[in-house]
Trainee: 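Below is the structure I would like to discuss, written out as structure tokens.
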Protein chains: 2
Amino acid sequence: MKLTELKAIQLAELFSALSDASRVRIISLLLDGEMGVGALAEKLDMTESAVSHQLRGLRQMRLVRARKAGRQVFYRLDDDHVEKLYRMGLEHVEHG
Amino acid sequence: MKLTELKAIQLAELFSALSDASRVRIISLLLDGEMGVGALAEKLDMTESAVSHQLRGLRQMRLVRARKAGRQVFYRLDDDHVEKLYRMGLEHVEHG
DNA sequence: GTAATATATGAACACTTGCTCAGATATTCA
DNA sequence: TGAATATCTGAGCAAGTGTTCATATATTAC
């Protein structure tokens, strides 16, 4: 079936959201449940600012969802599509 | 489960290969069967050089496979993982 | 109110990416 | 052989990306 230019761009944008090792590692951590920005930053050994910047991109692409609790913001995967995409990619990498 | 830094990079590289509208459109065309570089270039309204550059990246990521026939080179999707990734991405974009 | 904590944001800069252009390589045909 | 065709490749450059740093916002505790 034919792919419109708009859909092609949207698809590319979606995959772009997963096209960076930092973001992939964020997704990987969130597979185990929600996490705050600071905890993510510590696990990833990145500054909170860098993590926050990346989370923004993931949020805009609807890959993660934020929940505010006091002054903390907990992030989790938006839906199961994300996990499926991640796992399928991993299969390909691990040579499926 | 824990994701090594190497795997994170490999995953990011895989998704990077799909993170451009031109490449997504190439994949989309190849869903219907193999195609030569010239035919792809015409359908995509891109120069053959630009298409060839992109195919190189897709080849290196093992998303497409080349078959040489005379002076033509026919490309096709490497395996069904590629189509699955594409379709899953499309589902997400079309709001699944 | 002020101070401390958690996150978000904008600017700046090094690095990467995708294109064009020119030219190289490979194959077919006369 | 030489010309034509199909694809590939390297250099160059404009545009995009991910980080750091400084600062802003929001919430809690005092």
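Lettering follows sequence order; numbering is per chain, from 1. Model, not experiment: these values are computed from the prediction.
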Trainee: Take A:A50 and B:G36, find for each the nucleotide of DNA chain D with the closest heavy atom, and name the residue whose nucleotide sits nearer the 5' end.
Mentor: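 Closer to the 5' end of DNA chain D: B:G36.
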Trainee: Would you check if the side chain of B:R23 reaches a backbone N or O of B:S16 as a donor-acceptor pair within less than 3.5 Å?
Mentor: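 Such a contact is found between B:R23 side chain and B:S16 backbone.
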Trainee: Counting just side-chain N and O atoms, does B:R56 come under 4.0 Å of either OP1 or OP2 of D:dT9?
Mentor: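 For D:dT9, OP1 or OP2 has a side-chain N or O of B:R56 closer than 4.0 Å.
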Trainee: Salt bridge or not between A:E94 and B:K7? Use side-chain N to carboxylate O under 4.0 Å.
Mentor: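 Between B:K7 and A:E94 there is a salt bridge, with a charged N closer than 4.0 Å to a carboxylate O.
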Trainee: Could you state the atom-to-atom distance from CZ of A:F15 to P of D:dT17 in whole Å?
Mentor: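 Atom-to-atom, A:F15 to D:dT17, this comes out as 17 Å.
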Trainee: Might you point out which heavy atoms bring B:L85 and A:G89 nearest each other, and give the distance in Å?
Mentor: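 Looking at all heavy atoms of both residues, the closest pair is CD2-N, 4.0 Å.
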Trainee: Between atom CZ in B:R67 and atom P in C:dA26, what is the gap in whole Å?
Mentor: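 In whole Å, C:dA26 P and B:R67 CZ are 20 Å from each other.
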Trainee: Using heavy-atom distances to pick each residue's nearest nucleotide on DNA chain C, tell me which of A:Y75 and B:G70 is more 5'.
Mentor: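 Its nearest nucleotide being more 5', the pick is A:Y75.
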Trainee: Of the nucleotides C:dT7, D:dT7, C:dA22, which has the atom closest to the B:Q72 side chain?
Mentor: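 Out of C:dT7, D:dT7, C:dA22, the nucleotide with an atom closest to B:Q72's side chain is D:dT7.
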Trainee: What nucleotide among D:dT7, C:dA8, D:dG18 has an atom nearest to a side-chain atom of B:E48?
Mentor: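 Closest nucleotide among those given: D:dT7.
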Trainee: Looking at the side chain of A:D20, which of C:dC19, D:dG18, C:dA11 is the nearest nucleotide?
Mentor: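 The closest nucleotide is D:dG18.
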Trainee: Give the rounded distance in Å between these two atoms: CD of B:E34 and P of D:dT7.
Mentor: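 Whole-Å distance recorded here is 12 Å.
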Trainee: May I ask you to verify if any side-chain N or O of B:K68 is less than 4.0 angstrom from the OP1 or OP2 atom of D:dT7?
Mentor: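 The answer is no; no side-chain N or O of B:K68 sits under 4.0 Å from OP1 or OP2.
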Trainee: Grab the CG-C1' distance between A:L55 and C:dT9 for me, whole Å please.
Mentor: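 After rounding, the reported distance stands at 14 Å.
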Trainee: Identify the two heavy atoms, one from A:A12 and one from B:D20, that lie closest to each other, and give their separation to 0.1 Å.
Mentor: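 Distance-wise, the nearest heavy atoms are CB-C, 3.5 Å.
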Trainee: Would you mind reading off the distance between B:L40 atom CG and D:dT7 atom P, rounded to a whole angstrom?
Mentor: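 Spelled out: CG on B:L40 to P on D:dT7 is 9 Å.
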Trainee: Please work out if B:T47 contacts a base, only the sugar-phosphate, or nothing of the nucleic acid, heavy-atom cut-off 4.0 Å.
Mentor: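 Sugar-phosphate, no base atom in range.
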Trainee: Calculate the interatomic distance between B:H53 atom NE2 and D:dA6 atom C1'; express it in whole Å.
Mentor: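 Those two atoms, NE2 and C1', are 15 Å apart.
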Trainee: Out of C:dG18, C:dA26, C:dC21, which nucleotide sits closest to the side chain of B:S49?
Mentor: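 Nearest to the side-chain atoms of B:S49, counting from C-beta on, is C:dC21.
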Trainee: Is the B:F15 ring parallel, tilted or perpendicular to the A:F15 ring (thresholds 30°, 60°)?
Mentor: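 B:F15 vs A:F15 ring planes: parallel.
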Trainee: For A:S22 and D:dT19, is the shortest distance between a side-chain N/O and OP1 or OP2 below 4.0 Å?
Mentor: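 So the side-chain polar atoms of A:S22 do come within 4.0 Å of the phosphate oxygens OP1 or OP2 of D:dT19, strictly under.
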Trainee: How close or far is atom P of C:dG18 from atom CE of B:M61, stated in whole angstroms?
Mentor: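 One finds 12 Å between P of C:dG18 and CE of B:M61, rounded.
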Trainee: Nearest whole Å is fine: how far is D:dC21 P from A:M46 CE?
Mentor: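 These atoms are roughly 13 Å apart.
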Trainee: Which of the following nucleotides, D:dT20, D:dA6, D:dA11, is nearest to the side chain of B:R71?
Mentor: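 The nucleotide sitting nearest to the side chain is D:dA6.
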Trainee: For the side chain of B:Q54, starting at C-beta, report the closest nucleotide among D:dT20, C:dA8, C:dC19.
Mentor: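 The closest nucleotide is C:dC19.
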